[in-house]
Amino acid sequence: MQILEDPESHWSLDQVRNQFASRFRNSEASALSFGFTDSTIWLRFAVDATAAEGSWFLVERYPILDELTLFVPDSSGAYKEFPVGDTRPFSLRPMDLRSFVFPLNTESGGETEYYVKVKGKGALNMMPMLYSAKGLVEYTYIEQLIQGLFYGSLAIMLVYNLMLYLSLRDNVHLHFVMFLAGVLYFNIAVSGYGLQFLWPESPKINEYFWLATYVIATALALYSRQFLQLAQRFPRYDRLLRHYLIMIGMAFLLQWVLQPPYSYHLSTFVSLLTVVLFSWLGWTVWRQGFRVARLYVLAWSVFLLTIFLFAIGNLGLIPFHPIIPYLPHIGALWVVVMLSLALGDRIRFLENERKQLALEAQQNLERHLSDIEQMNQDKSMFLQYISHELNTPINWIGAADSLGGSNSEDSDVDVWAMVRKGQKRLIGIVGTSLRYFDLSDRNQPPLVGACQPMWLIDALVREQSDRIEKSGISFRNRVSPNLRVRASESELKEVFAMVLDNALRFSAEGGNVDVSSEVDVAGGFAHIVVRDEGKGATADQLEKIMEPFFVMGSRHHEEGFGLSLAMARVMLEQVGGQLWAESPGPGRGFSLHLRLALAEIDTANAP
């Protein structure tokens with residue numbers, strides 16, 4: 001086969017055979033690629049049919065050549081024309097096949113010279129072959145079988161996903177149907193089956209195969225947004241896809257204005273951009289932990305790679321190979337299989353996620369019900385407590401009123417002392433209750449830092465020195481000066497004040513109060529214990545001692561409100577600490593245990 005390029009595209013067959021015959025150059029390639037060119041390409045080849053048996057045919061397997069004309073010599077020496085192409089009516093073809101098939105004069109034997117003229121607005125790629133009658137039948141049968149399986153698979157998946165959409169009303173299936181429709185139209189247009197079976201006398205439709213590019217790109221963007229749940233999980237990538245859709249819309253409008261080959265270049269650019277964008281998007285989402293994206297990545301990576309190779313092959317950027325026209329078929333079948341699996345995987349993932357959310361909702365509900373029940377108990381206890389606490393000052397005021405008729409000055413002093421005591425207790429219970437509820441209801445924990453418990457306790461002991469000396473209590477602070485814990489310093493000091501007050505109040509005169517510390521470096525926490533030799537507590541009292549408004553003993557004889565340990569527990573728990581009480585029994589002493597996270601500690605000097 002020999003090649004001649006007509007850059008002006010107006011040479012006649014006679015000029016090519018005579019005037020420019022010497023300009024033909026030999027070609028050794030079986031697949032010819034001329035890329036996008038305004039030139040007309042002439043081919044010249046001779047067939048020696050001396051030893052040929054039966055009929056032979058020239059078959060051009062690349063079906064989207066705009067204009068292809070075979071010149072066949074007759075017995076008089078003149079040439080008969082066979083004009084075909086995907087811009088010409090299908091009825092002009094010598095044989096009704098999607099490929100261009102021409103019968104050759106091989107029955108008479110001898111050598112015959114043929115000419116082929118090719119011109120087009122798109123990429124000029126050719127795969128000419130010689131077939132015997134038997135070979136053509138076998139080739140056509142196998143090709144029709146493979147193509148039938150391909151289009152049948154796409155059609156089945158399209159109908160199947162359409163049924164799923166109508167059943168589930170999940171738009172991801174509708175977007176997949178749009179994608180499959182675009183793939184079907186594109187392959188039907190570029191494979192020649194559209195012109196053979198659907199629009200044989202309207203070849204103009206073939207020129208709009210690029211419409212499938214925009215359908216596929218738009219469907220792919222919509223599918224990806226929903227399949228990967230970008231709006232909910234990755235809003236930044238969702239905004240990127242919205243901008244991509246705007247760009248696709250602008251390119252689609254521009255496509256109608258541009259003339260070939262620039263319009264083909266634009267659709268090819270859109271295809272390549274889609275390859276890069278969605279390959280990157282799939283890998284990025286998968287790497288960020290969205291497991292469902294694994295099959296998505298596998299599906300689109302192979303599909304977009306085949307489209308990429310098809311596009312650059314048509315542009316002539318790589319050597320043209322006979323497999324290039326079939327790359328969209330291979331990619332489409334792969335993506336249909338993998339995305340079908342991906343949709344099933346997505347359904348399983350969403351079902352598992354739904355079950356997990358239902359389980360969490362059930363657990364939250366149970367927790368809220370428990371909290372509500374606890375709140376009801378606290379409310380009942382609070383009302384009982386308030387009614388009791390208000391009743392005591394009222395009794396005092398009533399007693400003061402009954403003594404008001406006495407003329408004794410000493411009685412007046414006692415009356416007013418009782419009134420002041422009642423007023424002070426009412427103010428105390430209101431202020432302490434508000435403080436407790438404020439601590440319990442706050443949404444954010446306090447700011448924490450490194451605190452040194454030994455120095456906080458030492459400062460409190462100095463403040464309470466008169467009280468300790470008066471009661472004759474022996475107080476020992478054995479907390480390591482090197483110990484540093486993570487807490488709010490002001491609130492930790494308040495907790496120590498409550499704990500120490502509790503120890504001093506319930507210790508007998510001349511008793512001992514001991515504060516010590518231990519460090520678990522491996523566990524990352526410090527353990528501080530405040531022990532006294534006071535009244536102790538029963539097992540039942542230990543279970544309730546951290547509850548709000550619980551007071552050990554008779555409320556008529558205790559000065560506390562039953563909130564100090566409850567508040568201390570809340571303040572410690574909000575910084576990740578713990579507070580609990582232990583006692584060997586009534587009359588055998590009492591200990592309060594504080595556990596706090598370590599900030600840093602000098603392990604060489606730690607106890």
Does atom CZ of Arg287 have more than 12 heavy-atom neighbours, drawn from other residues, nucleotides or ligands, at distances under 6.0 Å? no
Residues, nucleotides or ligands: over 12 heavy atoms within 6.0 Å of Glu469 CD: no
Residue that, paired with [X], satisfies side-chain contact (heavy atoms from CB on, under 4.5 Å) out of [options]:
X	options	result
Val515	Val529, Leu500, Val499	Leu500
Leu222	Leu245, Leu174, Asn171	Leu245
Ser271	Leu266, Ile216, Thr213	Thr213

Mind listing the side-chain donor-acceptor pairs of residues 565-572 below 3.5 Å, one per line with the distance, residues two or more places apart or on another chain?
none

Do side-chain atoms of Ser517 reach the backbone of Ser480 as a donor and acceptor pair under 3.5 angstrom? yes
Does Ser471 reach the main-chain N or O of Ile468 with its side chain, forming a donor-acceptor pair under 3.5 Å? yes
List the residues meeting side chain to side chain donor-acceptor pair (under 3.5 Å) with Ser465, not counting sequence neighbours, and say none if there are none. none
Partner residues of [X] under the side-chain contact (heavy atoms from CB on, under 4.5 Å) criterion, sequence neighbours left out:
X	answer
Arg467	Gln464, Asp501, Leu504, Arg505
Val215	none
Glu509	none
Leu305	Leu309

Distance check, rounded to the nearest 0.5 Å: [X] atom [atom1] versus [Y] atom [atom2]?
X	Y	atom1	atom2	value
Arg462	Leu460	CZ	CG	9.0 Å
Phe269	Thr274	CZ	OG1	9.0 Å
His175	Leu220	NE2	CG	11.5 Å
Asn364	Leu369	CG	CG	10.5 Å

Do the side chains of [Y] and [X] get nearer than 4.5 Å, heavy atoms only?
X	Y	answer
Trp334	Thr306	no
Glu489	Leu456	yes
Leu273	Met247	yes
Val575	Arg486	no
Phe590	Gln541	no
Val285	Leu230	yes
Ile473	Asp532	no
Phe496	Leu594	yes

Under 3.5 Å, which donor-acceptor pairs link side chains of residues 159-166 to any protein atom two or more places apart or in another chain?
from   : atom 1 : to     : atom 2 : distance (Å)
Asn161 : OD1    : His173 : ND1    : 3.3
Asn161 : ND2    : Met157 : O      : 2.8

Evaluate Ile528 against Leu592 for side chain to side chain contact (heavy atoms under 4.5 Å, CB included), listing each step before the verdict. CA-CA 8 Å; Ile528 300 173; Leu592 281 169; over 6 Å; no
Stepwise side chain to side chain contact (heavy atoms under 4.5 Å, CB included) test for Asn477 and Met454: CA-CA 7 Å; Asn477 181 6; Met454 181 269 187; 4.0 Å; yes
Measure across [X] and [Y] and return the closest heavy-atom pair with its distance rounded to 0.1 Å.
X	Y	answer
Gly589	Pro584	O-CD, 3.6 Å
Ser564	Met498	O-SD, 3.1 Å
Val485	Pro453	CG2-CG, 3.8 Å
Ala487	Cys451	O-SG, 3.3 Å
Ala251	Tyr214	O-OH, 3.5 Å
Leu542	Ser583	CD1-N, 3.8 Å

Can you list every pair that meets ring pair (Phe, Tyr, Trp, His ring centres under 6.0 Å) and has a residue in residues 521-542, with sequence neighbours left out? His527-Trp580, His527-His593
Which salt bridge (Lys or Arg N to Asp or Glu O under 4.0 Å) pairs, counting each pair once, include a residue from residues 221-230, with sequence neighbours left out? Arg225-Asp238
Ser516 and Arg531: side chain to side chain contact (heavy atoms under 4.5 Å, CB included), yes or no, with the steps? CA-CA 9 Å; Ser516 61; Arg531 293 184 177 88; 3.5 Å; yes
Could you work out, with ring-ring contact (aromatic ring centres under 6.0 Å, His included) as the rule, every residue matching Tyr244, not counting sequence neighbours? Phe278
Applying ring-ring contact (aromatic ring centres under 6.0 Å, His included) to Trp286 and not counting sequence neighbours gives Trp283
Check salt bridge (Lys or Arg N to Asp or Glu O under 4.0 Å) between Glu494 and all other residues, then give those that pass, not counting sequence neighbours. Arg435
Please report the C-alpha distance between Leu240 and Leu281 in whole Å, then the side-chain angles of each, then the deciding distance to 0.1 Å, and finally whether the side chain to side chain contact (heavy atoms under 4.5 Å, CB included) criterion is met. CA-CA 10 Å; Leu240 175 64; Leu281 180 63; 5.6 Å; no
